[in-house]
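Scroll down for the structure; my scribbles are underneath it.
Just so it is clear, the model here is predicted, and its values are computed rather than measured.
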Amino acid sequence: MSAPEENGQGAGEPGGHGPAAERTGVAGQVAKGPGADPPDADPPGADPPGAEPPGAGRLGAGPPGASTAGPDPAGMDRAAGPGVPRRSPVVVIGGGPAGMAAARAAARLGVRVLLVDSGAALGGQYHRQNSLAGRDRFALPPGVEHLPHSVVWALEPVPGGGHRVHLRTGPADGPGRTGRSVETRALVLATGAYDRALPFPGWDLPGVFTAGAAQALAKGQGVRVGERVLLAGTGPFLLPVAASLTAVGAEVAGVLEAGEPVTAWLHRPADAAAGWRKFGELAGYAALLARRRIPYRRRTAVVAAHGADRVEAVTTARLDAGWRIVPGSERRTPVDAVCVGFGFVPQLETALAAGCALDGGFVAVDAAQATSVPGVFAAGELTGVGGAAPAAAEGEVAGTAAARLLGARAAPPAAALRRARAGRRFAAALARAYPVRDGWRTWLREDTLVCRCEEVAYGELHRSVQERDALGVRAVKLVSRAGLGQCQGRVCGPNVACLTGVPDAAAFARRPIASPVRLGELAEPPEADPEARPQ
């Protein structure tokens, strides 16, 4: 998204203050020196310049015995023996704000970087580029190799420390995908998040989109998902989506917010202060809604969609504080498209494959963005959803720490550290202001599909779990088929967990193969990274 679209929210308390297992890159006191970023203005309540939170330390100090000398003249590590990469790059997974910032920070310090991006162009969802423009808005510094259309399908630890990253490059449905494996001692995860959609009767009809998909089509290709579109869900992300839809000529019939965010912000003045920089953006969206005469209704939701072959109308209803339907408040509205979004779910597959600890459903990190796994850093919405600016700040911190781990001399990015801390406070405030209440479960009927891939209805799911006493994610999958389809629980996982009482919703993202691969691709011998061969 562009700068005015940085608001986002998570369905749970963002990470960032997780258990302090062995942390790579933090010990002692943050030092300042030449090359540190200049101080910037801090929001009210931010820590004073140079102050560090408890437990913060020197970026990239590394484990005991690690060299603190700068890299060799070529910016590379010498091979330790046969089969060990002569050059160990920083591998960054994700091409959004956090990933780009991490790659730039590491490259500025003379470290080689491999940036793996599933998209066709840099920017991610926040800064999605128009594919019709014919030019790339973002430039990367020398020393960064950008791999578009590439996914990480597996991670494995290597002897002596670090990870082997298995990649596939090319369109997912294309015949010419190529494989590659890269070893690294410094891995930065910036895989972002995706929309959470709640099920309701008719949500499987053509014409029902996630808010993120509607914005991606509008921004990436200039396509509107319908002529008359209704937006519903919770969170500030609905507002920039409304702006994107109006920009491509769609009539937005309304924006329905299921929660009561105004009351939530007023009850927590400190939370409102954490997001004071967003007030100007909010005013801009309010002006757009007023100018276009787009109604904005709180405690209102789409509770059913109707149509024969596609959406023709929706039923909206007022909600009580717990999101149960207020009797008699149902109204039918004609539309040809509806966009729903109830926060975001962090994309945890690679983080869980690496063994990273979670905190509140997000990856737990310390002040240097180090995870519980030595040599693995996380940045952006993996650690809490707060917008593009905090994600970029976390990426800069993570990239600096990763480069330091490989031997680069680096002054701590003091300004980025302050912005990252402020961003975590704002992400936590958003999560408190826009919670997903349990009352949505009362919108469902027996025949409402919960898992669309396997066509598992709510009644079938409930009976399967109750009759067979399924207690964990694996058991729920086996007895009901929910989460066993093409998306592997990415869409239905959080909802199935909520409906069945499974305590660990993140377990739907725990799988040995993180991205879809063909059997033929698994059978291929991996192409060795040319930089990984002894020289």
**OP:** Would you confirm whether Thr371, through its side chain, and Val376, through its main-chain N or O, come within 3.5 Å as a donor-acceptor pair?
**Re:** yes
Subject >> Expected output: side-chain Trp203 to main-chain Thr448 donor-acceptor under 3.5 Å >> reply: no
Original post:
Once you round to the nearest 0.5 Å, how far does CG of Leu147 lie from CZ of Arg168?
Top reply: 12.5 Å
Original post:
At their closest point, which heavy atom of Ala102 faces which heavy atom of Val188, and how far apart are they?
Top reply: CB-CG1, 3.9 Å
**OP:** Please report the C-alpha distance between Val252 and Arg292 in whole Å, then the side-chain angles of each, then the deciding distance to 0.1 Å, and finally whether the side-chain contact (heavy atoms from CB on, under 4.5 Å) criterion is met.
**Re:** CA-CA 9 Å; Val252 178; Arg292 298 275 185 165; over 6 Å; no
Subject >> Heavy-atom side-chain proximity of Asp438 to Cys498 below 4.5 angstrom >> reply: yes
**OP:** Among Thr333, Val303, Ile325, find the one that has a side-chain contact (heavy atoms from CB on, under 4.5 Å) with Thr315.
**Re:** Val303
**OP:** Report the distance from atom CG of Leu231 to atom CD1 of Ile294, rounding to the nearest 0.5 Å.
**Re:** 8.5 Å
Subject >> Closest approach of Gly328 to Arg331 (non-hydrogen atoms, all atoms of both residues) >> reply: O-NH1, 3.3 Å
Original post:
Among all residues two or more places apart in sequence or in another chain, which pass the salt bridge (Lys or Arg N to Asp or Glu O under 4.0 Å) test with Asp309?
Top reply: none
Original post:
Counting only N and O atoms by type, is there a donor-acceptor contact under 3.5 Å from the side chain of Ser150 to the main-chain atoms of Pro148?
Top reply: yes
Original post:
Distance from Leu115 atom CG to Met100 atom CE, nearest 0.5 Å?
Top reply: 8.5 Å
Original post:
Considering only heavy atoms from C-beta outward, does the side chain of Val302 approach that of Val208 to under 4.5 Å?
Top reply: no
Subject >> Full working for salt bridge (charged side-chain N to carboxylate O under 4.0 Å, His left out) between Glu454 and Lys477 >> reply: CA-CA 11 Å; Glu454 290 292 308; Lys477 286 182 176 182; over 6 Å; no
Original post:
Which value, rounded to the nearest 0.5 Å, describes the distance between Arg298 atom CZ and Thr234 atom OG1?
Top reply: 12.0 Å
Original post:
Quick one: does Arg228's side chain have a donor or acceptor within less than 3.5 Å of a partner on Pro334's backbone?
Top reply: yes
**OP:** Please report the C-alpha distance between Val385 and Leu430 in whole Å, then the side-chain angles of each, then the deciding distance to 0.1 Å, and finally whether the side-chain contact (heavy atoms from CB on, under 4.5 Å) criterion is met.
**Re:** CA-CA 8 Å; Val385 182; Leu430 283 173; 6.0 Å; no
Subject >> 4.5 Å side-chain heavy-atom contact, Val365 and Asp359 >> reply: no
Original post:
Shortest non-hydrogen contact from Asp195 to Gly212?
Top reply: OD2-N, 3.0 Å
Original post:
What are the two closest heavy atoms between Val152 and Ser515, and how far apart are they?
Top reply: O-OG, 3.2 Å
Original post:
If only atom types and distance count, is the side chain of Thr191 paired as donor or acceptor with the main-chain N or O of Gln347 below 3.5 Å?
Top reply: yes
**OP:** Taking the side chain as every heavy atom from C-beta outward, state whether Leu189 and Val363 have any pair of such atoms under 4.5 Å apart.
**Re:** no
Subject >> Side-chain ion pair, Arg437 and Glu260, N-O less than 4.0 Å >> reply: no
**OP:** Count the heavy atoms belonging to other residues, nucleotides or ligands that lie under 6.0 Å from CD of Glu455, then report whether that count exceeds 12.
**Re:** no
**OP:** Identify the heavy atoms of Cys487 and Cys453 that sit nearest to each other, and give their distance.
**Re:** N-SG, 3.6 Å
Original post:
Could you give the distance from CG (Asp366) to OG1 (Thr383), rounded to the nearest 0.5 Å?
Top reply: 11.5 Å
Original post:
So, does Tyr285 use its side chain to make a donor-acceptor pair with the main chain of Pro236 at under 3.5 Å?
Top reply: no
Original post:
Can you check whether Tyr458's main-chain N or O pairs, donor with acceptor, with Glu460's side chain at less than 3.5 Å?
Top reply: no
**OP:** State whether the number of non-hydrogen atoms from other residues, nucleotides or ligands found under 6.0 Å of His306 atom NE2 is greater than 12.
**Re:** yes
**OP:** Determine, stepwise, if the pair Val229 / Cys339 fulfils side-chain contact (heavy atoms from CB on, under 4.5 Å).
**Re:** CA-CA 7 Å; Val229 186; Cys339 304; 3.6 Å; yes
**OP:** Determine whether Leu238 and Tyr296 make a side-chain contact, defined as any pair of heavy atoms from C-beta on separated by less than 4.5 Å.
**Re:** no
**OP:** Give, for atom CG of Leu230 and atom CD of Glu251, the distance between the pair rounded to the nearest 0.5 Å.
**Re:** 10.5 Å
Original post:
Hey, are the side chains of Leu319 and Trp440 touching, using non-hydrogen atoms and a 4.5 Å cut-off?
Top reply: no
Original post:
Within a strict 4.5 Å, meaning less than it, do heavy atoms of the Glu349 and Gln488 side chains meet?
Top reply: no
Subject >> Test log, rule side-chain contact (heavy atoms from CB on, under 4.5 Å), inputs Arg468 and Leu478 >> reply: CA-CA 10 Å; Arg468 304 184 187 183; Leu478 292 176; over 6 Å; no
Original post:
Sub-3.5 Å donor-acceptor pair from the side chain of Glu257 to the main-chain atoms of Arg297, do we have one?
Top reply: no
Original post:
With sequence neighbours left out, which residue pairs that include part of residues 316-326 fulfil the side chain to side chain donor-acceptor pair (under 3.5 Å) condition?
Top reply: none
Original post:
Is there a donor-acceptor contact under 3.5 Å from the side chain of Asp336 to the main chain of Arg310?
Top reply: no
Original post:
Less than 4.5 Å apart, any side-chain heavy atom of Val397 and any of Phe377?
Top reply: no
**OP:** Considering non-hydrogen atoms only, spot the tightest contact between Gly226 and Ala337 and give its length.
**Re:** CA-CB, 4.0 Å
Original post:
Under the 3.5 angstrom rule, does the side chain of Arg104 hit a backbone N or O of Ala139 as a donor-acceptor pair?
Top reply: yes
